[in-house]
Amino acid sequence: MHFKKTAVFILSLLLTLFIFAFREKPIAPDQSWIDFNKNGKMDIYEDKKQPVEKRVADLLSRMTIEEKTCQLTTLYGYGAFLKDRLPTASWKDSVWKDGIANIDEQLTGLRKDTVLAFPYSSHATAINKIQRWFIAETRLGIPVDFTTEGIRGLNHMKATYFPAQLAQGSSFNKQLVREIGRITSSEAKALGYTNVYSPILDVSSDPRWGRMEETYGCDPFLVSQLGKQNILGIQENGIISTVKHFAVYSIPVGGRDGGVRTDPHVAPREMWNLYLEPFRVAFQEAHAKGVMASYNDYDGQPIIASRYFLTEILRKQFGFKGYVTSDSHALEDLFAKHHVAKDTADAARMALNAGLNVRTEFKNPADYLRGLRRGIKNGSISLAVVNQRVAEVLRVKFEIGLFDQPYVKDTDAADLIVHNARAKTLALQAAQEGIVLLENHQKILPLDRLKTGAVAIIGPNAKEHNSLLSRYGPTHASVITVFDGLKAALPTSTKINYAKGCDHIDAHFPESDVQDFDLTEKENAAIEEAVEAAKKSETVFLVLGDNENTIGETKSRLTLKLPGRQELLLKRIVALKKPMVLLLVGGRPVTFNFDHKTIPAIIETWYLGEYTGKAIADVVFGRYNPGGKLSVPFPKTVGQIPLSFPMKPSADAESKEDANVSGFLYPFGYGLSYTNFEYSDLKIANAYPKEKKIRVSFKIKNTGSRAGDEVPQLYFQDEVSSVITYSKNLRGFERVQLDAGESKTITFTLNEHDLSLLDANMKRVVEPGWFKIMIGSSSEDDRLVGRVKVE
């Protein structure tokens, strides 16, 4: 029996080698055209000189039902579903023998498989071999779209690891975010990927939601403008940007994620103004070629089965020209969770009719294909709809050049492109720019690294490494911890007293979020050890916040306080009245159940990527002057939620009659600097309605003694409107670098859409009247105010 198994294995291996040895020649990458269907002549779909629509129609006319349906599903990569790193003889008996729409996360290194993920050139070579199999061994040779995640940098082994989107949002730097997209896609292209699932365009209004860390923030204008730049950067290199999650995904009821992921309580006007606006910009202005349909429903109708969302809004109103993929298991949710479909065939009918193109799931695509084909055979699924959905997938493949150059041209170049010096420099810049200085009493910061005396570095996030990584970012990345960053910046002679103090969570978490439990002897001893370390030190760094148990997908919370015993540790250290810096590391705002003004310095760092510790040390010791601004506000207590930005008039007004508190701990757009900025010379040039533009200019001057970044923000208010509008609408921002004493003139332009509202009939109009213009350093710090009348 053992001999027979060995013989079968050897024969299989020899057959695979035979395939590669004798199939490469007729389809070599340097041919002027590729004979995809292997008939010896250039057909219309093989001719790059033909219009895309004509090529699509020609290819579609040649396809069987099996070939068409295979272009409507994903094949998950090795370790998720695929059992093979490279094609084998068994693939000729698989469902993908007739092709496949895309292969997701193939050989990324994500699932503890690093054999072909690194070095980078080996992955590019492997992807070429897989692509070559689909071109040589399927009847029509339709190339594969290779997909992977990319919201913190490419989801590939040792790719450049950028900060989380929430930190990118706090940079308020459009050029930076565009460059992150450009680097991400250049690495993707070098490695053989053709489609990056990025950016996330969800607007995160509820900080209890676990995926807030993966968003640019709470304001639709900020999210739309940063998202637009990331899309443009990604698609500059001919890579598809698949944005997510469409639509109204980020506001689950009560902020609850996990098994819920449904039922957003959002009114139509709010939906359009807040949660759909970034997607409108993504498709109408940045022309993203991909979009992921979300798990959730809206008003009882699952998005993935909603023609209103996937066709009427997405394709007709927003002009989307790409293809729609499902978030994993979203299609199966139609019968498994939502109970609006009977089975796979019924779910496929609903989703395809609505506008879905490609079903994505971690399991065998054969189950879906059987259901889909059963529906086509019994007539419940229209062949015309199938043809339309397949054509939409093929069109994108033609547009990105997969039929003209399906291979990585220079596989060795990947070793020079991925995680190169330029990319690392950008990763450090992004980490520095995402840091927000929240408190700096008596200007304790920046510290003189030569005069700190003995230093205590305390807290569960001081030496934390694992939770600094992300399922949706580079795998096997090397991250500089906070401890290592601070230690490297201090003189070698500095005495460092380290104590963890407590774990991120306690044994009773998450029940301890809502109920007090006595400390164990071990917990008490750990806190006492930290207190003693602080007592023996002249300067204290306390590093607190989240880890993978408290933030991320499916990690919603009922409170915003520091989890576990961390707040108790904080109170004990603050009580010592030492020079102290609180470093928050995590993915959502926190609230303090005591006077936070007693903390000498607070820095919000979010998740900063591979240069976490270095960027923090650069800010703390003054090598870098922080200029980040909060892309999400900090409420005073979780009981204020729903409370975010923007808000309607009186949504959080103080009232002597109410037994509550109002206002933010730190508002949207807030962030301190080590220098000061002066605003002046506001000028408003009204070119409305002739040009349908209003130009707002002003001067900003660095009046301090050192260089720094400021983020001036333009807000407007429609003073009298036919429907209630937000008190402040962000409509302009720019990160400005200024040397000490330097001045610059900044100009923002308001266009017709910027000034518009949805009237009582849900029509977008600009109503005549007066508009208040506010220029400030945050949403609550107006420096210049003016008015303009729109006729």
J.: Taking only residues two or more places apart in sequence, or in another chain, which ones meet Arg623 in a side-chain hydrogen bond (donor to acceptor under 3.5 Å, both in side chains)?
T.: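 Per chain and number, Arg623 pairs via side-chain hydrogen bond (donor to acceptor under 3.5 Å, both in side chains) with no residue.
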J.: Extract all donor-acceptor atom pairs below 3.5 Å that involve side chains of residues 445-452 and protein atoms in other chains or at least two apart in sequence.
T.:
{"from": "Asp448", "atom 1": "OD1", "to": "Leu450", "atom 2": "N", "distance (Å)": "2.9"}
{"from": "Arg449", "atom 1": "NH1", "to": "Ala489", "atom 2": "O", "distance (Å)": "3.0"}

J.: Assess, by modelled atom type and distance only, whether the side chains of Glu464 and Asn547 contain a donor and an acceptor separated by less than 3.5 Å.
T.: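 Absent: no donor and acceptor within the cut-off.
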J.: State whether the number of non-hydrogen atoms from other residues, nucleotides or ligands found under 6.0 Å of Lys693 atom NZ is greater than 12.
T.: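 12 or below, so no.
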J.: Is it true that a side-chain atom of Thr605 and a backbone atom of Leu584 form a donor plus acceptor pair closer than 3.5 Å?
T.: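 Yes.
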J.: Would you indicate whether the side-chain heavy atoms of Val632 and Pro207 approach each other to under 4.5 Å?
T.: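 Not touching, per the 4.5 Å side-chain cut-off.
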J.: Give, for atom NZ of Lys561 and atom CG of Leu570, the distance between the pair rounded to the nearest 0.5 Å.
T.: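 Between Lys561 NZ and Leu570 CG, I get 13.0 Å after rounding to 0.5 Å.
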J.: Going by atom types only, do Ser205 and Tyr275 share a side-chain donor-acceptor pair under 3.5 Å?
T.: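 Result is yes, a qualifying pair exists.
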J.: Donor-acceptor check, side chain of Lys728 to backbone of Pro646, threshold 3.5 angstrom: yes or no?
T.: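 No; zero donor-acceptor contacts below 3.5 Å.
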J.: How about Val585 and Val543: do any of their side-chain heavy atoms sit closer than 4.5 Å?
T.: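 Counting from C-beta outward, Val585 and Val543 do come under 4.5 Å.
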J.: Taking everything shown except Lys701 itself, do over 12 heavy atoms lie less than 6.0 Å from its NZ?
T.: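 Count not over threshold, so no.
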J.: Give me the atom names and distance for the closest heavy-atom approach of Trp606 to Val436.
T.: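 Residues Trp606 and Val436, closest heavy atoms: NE1-CG2, 4.2 Å.
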J.: Looking at CD of Gln713 and CE of Met774, how far apart are the two atoms once the value is rounded to the nearest 0.5 Å?
T.: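 Gln713 CD to Met774 CE: 12.0 Å, rounded to 0.5 Å.
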J.: Can you see whether Gln225 engages Tyr216 through a side-chain donor-acceptor pair at a distance of less than 3.5 angstrom?
T.: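 Side chains of Gln225 and Tyr216: no pair found under 3.5 Å.
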J.: Kindly confirm or rule out a cation-pi arrangement of Lys571 over Phe592, judged by NZ or CZ under 6.0 Å from the six-membered ring centre and within 45° of its axis?
T.: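 No.
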J.: Given side chain to side chain contact (heavy atoms under 4.5 Å, CB included), test Asn461 with Val482 step by step and report yes or no.
T.: CA-CA 7 Å; Asn461 269 332; Val482 178; 5.7 Å; no
J.: Is there a donor-acceptor pair under 3.5 Å between the side chain of Lys228 and the backbone N or O of Glu285?
T.: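 Side chain of Lys228 to backbone of Glu285: no pair is present.
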J.: Any chance you could lay out the side chain to side chain contact (heavy atoms under 4.5 Å, CB included) test for Leu176 and Gln168, step after step, and finish with the verdict?
T.: CA-CA 8 Å; Leu176 172 71; Gln168 294 178 36; 6.0 Å; no
J.: Between Asn230 (side chain) and Ser198 (backbone), is there a donor-acceptor pair under 3.5 Å?
T.: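 Judged by distance alone, no pair lies under 3.5 Å.
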J.: For the pair Asp781 and Arg783, find out whether any cationic side-chain nitrogen is under 4.0 Å from an anionic carboxylate oxygen.
T.: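 A salt bridge is present here (some side-chain N lies under 4.0 Å from a carboxylate O).
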J.: Between Glu567 and Asn593, is the side chain to side chain contact (heavy atoms under 4.5 Å, CB included) condition met? List the steps.
T.: CA-CA 8 Å; Glu567 186 161 297; Asn593 293 324; 3.0 Å; yes
J.: Heavy atoms, side chains only, cut-off 4.5 Å: are Ile183 and Glu187 in contact?
T.: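 The answer is yes, as the side chains (C-beta and beyond) meet within the 4.5 Å cut-off.
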J.: Spell out, as yes or no, whether a donor-acceptor pair under 3.5 Å connects the side chain of Asn702 to the backbone of Arg706.
T.: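 Yes; at least one donor-acceptor contact below 3.5 Å.
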J.: What I'd like to find out is whether the side chain of Leu166 reaches to under 4.5 Å of the side chain of Ser631, using heavy atoms alone.
T.: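 In short, these two side chains touch, coming nearer than 4.5 Å.
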J.: Please report the C-alpha distance between Lys772 and Asp782 in whole Å, then the side-chain angles of each, then the deciding distance to 0.1 Å, and finally whether the salt bridge (Lys or Arg N to Asp or Glu O under 4.0 Å) criterion is met.
T.: CA-CA 12 Å; Lys772 186 179 180 181; Asp782 296 337; 5.5 Å; no
J.: Could you walk me through whether Gln432 and Tyr611 satisfy the side-chain hydrogen bond (donor to acceptor under 3.5 Å, both in side chains) test, starting with their C-alpha distance in whole Å, then the side-chain angles of each, then the deciding distance to 0.1 Å, before giving a yes or no?
T.: CA-CA 9 Å; Gln432 292 168 332; Tyr611 287 105; over 6 Å; no
J.: Would you say the side chain of Leu755 lies within less than 4.5 Å of the side chain of Tyr688, judging by non-hydrogen atoms?
T.: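 Counting from C-beta outward, Tyr688 and Leu755 do come under 4.5 Å.
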J.: Rounded to the nearest 0.5 Å, how far apart are CE of Met580 and CD1 of Ile458?
T.: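 These two atoms lie 8.5 Å from each other.
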J.: Nearest 0.5 angstrom please: Ile435 CD1 to Thr612 OG1, how far?
T.: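 The OG1 atom of Thr612 is 8.5 Å from CD1 of Ile435, to the nearest 0.5 Å.
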J.: Ignoring hydrogens and angles, write down the donor-acceptor pairs under 3.5 Å from the side chains of residues 491-501, residues two or more places apart or on other chains.
T.:
{"from": "Thr494", "atom 1": "OG1", "to": "Pro491", "atom 2": "O", "distance (Å)": "3.2"}
{"from": "Asn497", "atom 1": "ND2", "to": "Ser537", "atom 2": "OG", "distance (Å)": "2.9"}
{"from": "Lys500", "atom 1": "NZ", "to": "Asp503", "atom 2": "OD1", "distance (Å)": "2.9"}

J.: Does the Arg588 side chain pair with the main chain of Arg208, one donor and one acceptor, at a distance under 3.5 Å?
T.: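 Judged by distance alone, yes, a pair lies under 3.5 Å.
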J.: Report yes or no: does Asp739 contribute a side-chain atom to a donor-acceptor pair with the main-chain N or O of Glu742 at less than 3.5 Å?
T.: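 Looks like no, no N/O pair under 3.5 Å.
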J.: Tell me if the aromatic rings of Phe634 and His596 count as close, with their centers under 6.0 Å from one another.
T.: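 Ring centres of His596 and Phe634 not closer than 6.0 Å.
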J.: Would you say the side chains of Asp709 and Ser673 form a donor-acceptor pair under 3.5 Å?
T.: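 Judged by distance alone, the side chains do not pair up.
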J.: Roughly how far apart are Arg178 CZ and Leu232 CG, rounded to 0.5 Å?
T.: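 Rounded to the nearest 0.5 Å, the CZ-CG separation comes to 4.5 Å.
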J.: To the nearest 0.5 Å, tell me how far Ile200 CD1 sits from Glu213 CD.
T.: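 Answer for the CD1-CD pair, Ile200 versus Glu213, is 9.0 Å.
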J.: Are Phe664 and Gln640 close enough that some pair of their side-chain heavy atoms sits under 4.5 Å apart?
T.: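 They are not in side-chain contact.
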J.: For Val203, does its backbone N or O pair with a side-chain atom of Ser250 as donor and acceptor, under 3.5 Å?
T.: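 Yes, Ser250 side chain to Val203 backbone: donor-acceptor pair under 3.5 Å.
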J.: Can you establish whether the number of heavy atoms outside Lys174 located under 6.0 Å from its atom NZ is more than 12?
T.: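 Yes, the 6.0 Å shell around NZ holds more than 12 heavy atoms from other groups.
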J.: Please check: side-chain N/O of Thr481 versus main-chain N/O of Lys463, any donor-acceptor pairing under 3.5 Å?
T.: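 Checking the backbone N and O of Lys463 against the side chain of Thr481, no donor-acceptor pair under 3.5 Å is found.
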J.: Check whether any side-chain heavy atom of Thr160 sits under 4.5 Å from a side-chain heavy atom of Glu610, and report yes or no.
T.: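 Yes - at least one pair of side-chain heavy atoms lies under 4.5 Å apart.
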J.: Is the Phe645-Tyr670 ring centre distance short of 6.0 angstrom?
T.: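 No, the ring of Phe645 stays outside the 6.0 Å limit from the ring of Tyr670, centre to centre.
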J.: Ser697 side chain to Ile746 main-chain N or O, any donor-acceptor pair under 3.5 Å?
T.: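 Checking the backbone N and O of Ile746 against the side chain of Ser697, no donor-acceptor pair under 3.5 Å is found.
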J.: With a 4.5 Å heavy-atom cut-off, do Phe221 and Arg731 have their side chains touching?
T.: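 Phe221 vs Arg731: side chains touch.
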J.: Is atom NZ of Lys597 surrounded by more than 12 heavy atoms (other residues, nucleotides or ligands) closer than 6.0 Å?
T.: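 Result for NZ/Lys597: enclosed.
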J.: Let me know which of Arg735, Lys744, Lys629, Lys699 forms a salt bridge (charged side-chain N to carboxylate O under 4.0 Å, His left out) with Glu710.
T.: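 Filter result, single survivor: Lys629.
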